[in-house]
Amino acid sequence: MASDQPSFFTQITARSQSINSLLCVGLDPHRIELSTSPDADEQTLCTAAYQFCTRIIDATHPHCVCYKPNAAFFESLGHAGNETLRRVVDYIHERCPGVPVLLDVKRGDIGSTAQAYAEACYDGLEGEGVTLSPLMGWDSVEPFVTGKYSNKGAFILCKTSNPGSNDLLALPLQQQTTLFEKIATLANEWSQRAESATPSTGNNDPPRLGLVVGATDPQALSMARKAAGPKIWILAPGVGAQGGDLDAACLAGLNEDGTGMLIPVSRGISRANDPGEEARKLKEGINEARKTVLKKRLKCKKSDGDVMIAPYQKEFIEFSLKENVLRFGSFVLKSGRTSPYFFNAGLFSSGSALHKLGKAYAASIMASDQFQDGKVAFDIVFGPAYKGISLGALVCAALYSDFGVESGFAYNRKEAKDHGEGGILVGASIVEKRVLIVDDVITAGTAIRESFDLLKHHNATPVGVSIALDRAEKRSLDDPLSAVQAVARDLEIPVVSIVALPQLQEFLRESPDYDDELLKQVSEYRCQYGV
């Protein structure tokens, strides 16, 4: 029967998001670090180990997604070592509610032995997750993630950080793949078997199994990520003392959302003069690496000709179609033109759609010249009344959640208030601030020009405009400029769009879901009216 408690990987995901971190703190009480005499008795060693761990926990919990005590170092303390480990786990639960414990035990056996190991880890030590060796197959993993332990989770050894891992884990298989790639695929297959054996009580729970893949081998890490897919969490040891390159590891192992990977660090924190400060620096360093990776991935891939499509643009088009915001057919526009497509941003009207919309805006901004040299070119996101108000709020939130960019948010009223705070502007002060204007589309450019004048009147500096769709059409057959180009020229500020007509055309060319006739219609429309 499934437990009502959140699953291990649900807790990992929630904790990672809540503190914006991918740092896992290892608790490895090496005797050499316990500052005890060589002839210290068991009780003295256990007391020193407990104090060693609690000191690290107290200092690092604001930055830590989960703690990973290594059972071997506790077992080496003597008979009371296991009880000391239990005391450390209890301390984590009391001191840091919501922070799961990953027991680094690397168990691997079958039948009643595996069941006994699971009981020891979960009932005896009360951990939420474990590390396991998968080499004895599914029946060595099953007891740890099914039945009454269906809310638990396990990282299975896939391609570890030690050089000797190549002796077995890198061996080629007949399927023209390696053993570790096969293990990576099994994380999904076995998670599905676990779900079938004991269905989850939550909706869309993550897979119950993750992978241990060393950060010291970015190529293997990339191959494992590809084989496992984006939903599997990867524990990537080796950064720091073992020489793993953080930037290379993040580029290889992060999923498409810039998450799905934990970086465990033990000695780099425990041996620091200030473990809390070191944990903070590590967390921020990981986040900087994440930003760099996302920036690289946002760069467009080459398509036919000079048209480029970034992953966020493809995703935006796909969910716009799903929400009926974007439709194909025959539509008579206000201009009198008959267009083969129609875009109505007002139909982004659900929580999930608005969430994705904000992410797409943020991605387009961060892929543009509004983000250079690690900094954004604006201080305030401004949403013109009325449509721009909600859009500006979404964009401001998405910039922070996805990229860690903190900006102010402001908007205007159509009519000034003569009571309360009064005035026509609401939100963050725009005085002497650089302002990015957000809207859905630019048709004639009237709203943007009015916003530009309003901002200048209040001693702000408009530095750009962000929109969802640039139709990239001439204003008339006699005017070679589009409305967007005219705004950029007249106001001398850049306009950033999530997608434009050329990307839409290229999407149709690449997609198997639309026939050549529709592509022909869009191409002809662009040829006739496009800039």
Side-chain angles (χ1 to χ4, degrees), residues 19 21-38 40 44-77 81 84-85 87-89 91-92 95-96 99-106 127 129-131 155 157 159-165 212-218 221 234-250 253 261-289:
I19 64 170
S21 176
L22 296 178
L23 177 65
C24 168
V25 175
L27 300 173
D28 300 351
H30 297 257
R31 288 201 183 194
I32 194 172
E33 293 192 59
L34 298 184
S35 301
T36 56
S37 63
T44 300
L45 288 172
C46 288
T47 299
Y50 180 76
Q51 293 173 344
F52 170 88
C53 293
T54 55
R55 169 178 168 265
I56 294 172
I57 294 164
D58 288 341
T60 62
H61 71 88
H63 315 292
C64 177
V65 175
C66 76
Y67 287 101
K68 184 178 71 67
N70 190 317
F73 294 107
F74 293 89
E75 293 167 0
S76 71
L77 298 175
T84 302
L85 174 54
R87 289 178 63 205
V88 170
V89 173
Y91 187 83
I92 294 169
R95 181 74 172 83
C96 320
V99 180
V101 175
L102 171 63
L103 296 171
D104 193 358
V105 292
K106 300 180 179 70
V130 293
T131 56
F155 283 99
L157 304 182
K159 180 65 170 66
T160 52
S161 57
N162 59 304
S165 67
V212 179
V213 185
T216 51
D217 189 344
L221 187 53
I234 293 176
L235 185 71
V239 170
Q242 297 184 50
D245 183 282
L246 179 59
D247 289 339
C250 287
M261 186 167 71
L262 290 178
I263 308 294
V265 179
S266 302
R267 284 172 285 176
I269 291 174
S270 66
R271 296 178 180 178
N273 291 330
D274 186 339
E277 177 62 14
E278 185 63 24
R280 184 191 66 79
K281 290 180 180 178
L282 283 164
K283 181 184 78 170
E284 292 183 355
I286 294 167
N287 285 341
E288 284 301 314

Identify, with sequence neighbours excluded, every residue that meets ring-ring contact (aromatic ring centres under 6.0 Å, His included) alongside Y67. none

Check side chain to side chain donor-acceptor pair (under 3.5 Å) between T47 and all other residues, then give those that pass, not counting sequence neighbours. Q43

Candidate pair L45 and R31, rule side-chain contact (heavy atoms from CB on, under 4.5 Å), full reasoning: CA-CA 8 Å; L45 288 172; R31 288 201 183 194; 3.6 Å; yes

What are the two closest non-hydrogen atoms of P62 and I19, and how far apart are they? O-CD1, 3.9 Å

Knowing that exactly one of L27, I92, V89 qualifies, which makes a side chain to side chain contact (heavy atoms under 4.5 Å, CB included) with C53? L27

Can you give me the closest heavy-atom contact between P29 and F52, atom names plus distance? CA-CE2, 3.6 Å

Under the side chain to side chain contact (heavy atoms under 4.5 Å, CB included) test, which residues partner S37, sequence neighbours left out? D39, A40

I'd like to check V88 versus F74 (side-chain heavy atoms, cut-off strictly below 4.5 Å). Are they in contact? yes

Here the gap from C250 atom SG to L22 atom CG, rounded to the nearest 0.5 Å, amounts to 7.0 Å

What is the distance from atom OH of Y50 to atom CZ of R55, rounded to the nearest 0.5 Å? 15.0 Å

Are the side chain of T131 and the backbone of V105 linked by a donor-acceptor contact shorter than 3.5 Å? yes

The salt bridge (Lys or Arg N to Asp or Glu O under 4.0 Å) partners of R271 (sequence neighbours excluded) come to E33

Tell me the closest heavy-atom pair linking A49 and L34, and the distance in Å. CA-CD2, 3.8 Å

With sequence neighbours left out, the residues meeting salt bridge (Lys or Arg N to Asp or Glu O under 4.0 Å) with D104 are K68, K106

Would the distance check show the side chain of S21 and the main-chain N or O of C64 forming a donor-acceptor pair, the cut-off being under 3.5 Å? no

May I have the step-by-step check of side-chain contact (heavy atoms from CB on, under 4.5 Å) for I56 and S270, ending in yes or no? CA-CA 7 Å; I56 294 172; S270 66; 3.6 Å; yes

For the CD1 atom of I286 and the CD atom of E288, what is their distance to the nearest 0.5 Å? 11.5 Å

Across all chains, not counting sequence neighbours, the ring-ring contact (aromatic ring centres under 6.0 Å, His included) partners of F73 are H30

List the steps, then state whether side-chain contact (heavy atoms from CB on, under 4.5 Å) holds for L282 with I269. CA-CA 9 Å; L282 283 164; I269 291 174; 3.6 Å; yes

With a 4.5 Å heavy-atom cut-off, do L103 and P69 have their side chains touching? yes

With E277, which residues qualify under side chain to side chain contact (heavy atoms under 4.5 Å, CB included), at least two apart? D274, R280, K281

Salt bridge (Lys or Arg N to Asp or Glu O under 4.0 Å) partners of R95, counting only residues at least two apart: D58

Residues forming a side chain to side chain contact (heavy atoms under 4.5 Å, CB included) with A59, sequence neighbours excluded: P275

Provide the closest heavy-atom pair for V239 versus A215 in the form atom of the first, atom of the second, distance. CG2-CB, 3.7 Å

Quick check: closest heavy atoms across C96 and H61, and the distance to 0.1 Å? SG-CB, 3.5 Å

All side chain to side chain contact (heavy atoms under 4.5 Å, CB included) counterparts of A272, not counting sequence neighbours: E278

So L262 and C66, side-chain contact (heavy atoms from CB on, under 4.5 Å) or not? Walk me through it. CA-CA 9 Å; L262 290 178; C66 76; 4.0 Å; yes

The side chain to side chain donor-acceptor pair (under 3.5 Å) partners of T84 (sequence neighbours excluded) come to none

Where is the tightest heavy-atom contact between V213 and P237, given as atom of each residue plus distance? O-CD, 3.7 Å

So how far is it from E75 CD to L85 CG, rounded to the nearest 0.5 Å? 8.0 Å

Interatomic distance, L235 atom CG to T160 atom OG1 [nearest 0.5 angstrom]: 11.5 Å

I'd like to know if K159 pairs up with D217 as an ion pair, taking the criterion as any Lys NZ or Arg NE/NH1/NH2 lying under 4.0 Å from an Asp or Glu carboxylate oxygen. yes

Rounded to the nearest 0.5 Å, what separation is found between the OG atom of S266 and the CG atom of N70? 7.5 Å

All side chain to side chain donor-acceptor pair (under 3.5 Å) counterparts of T36, not counting sequence neighbours: none

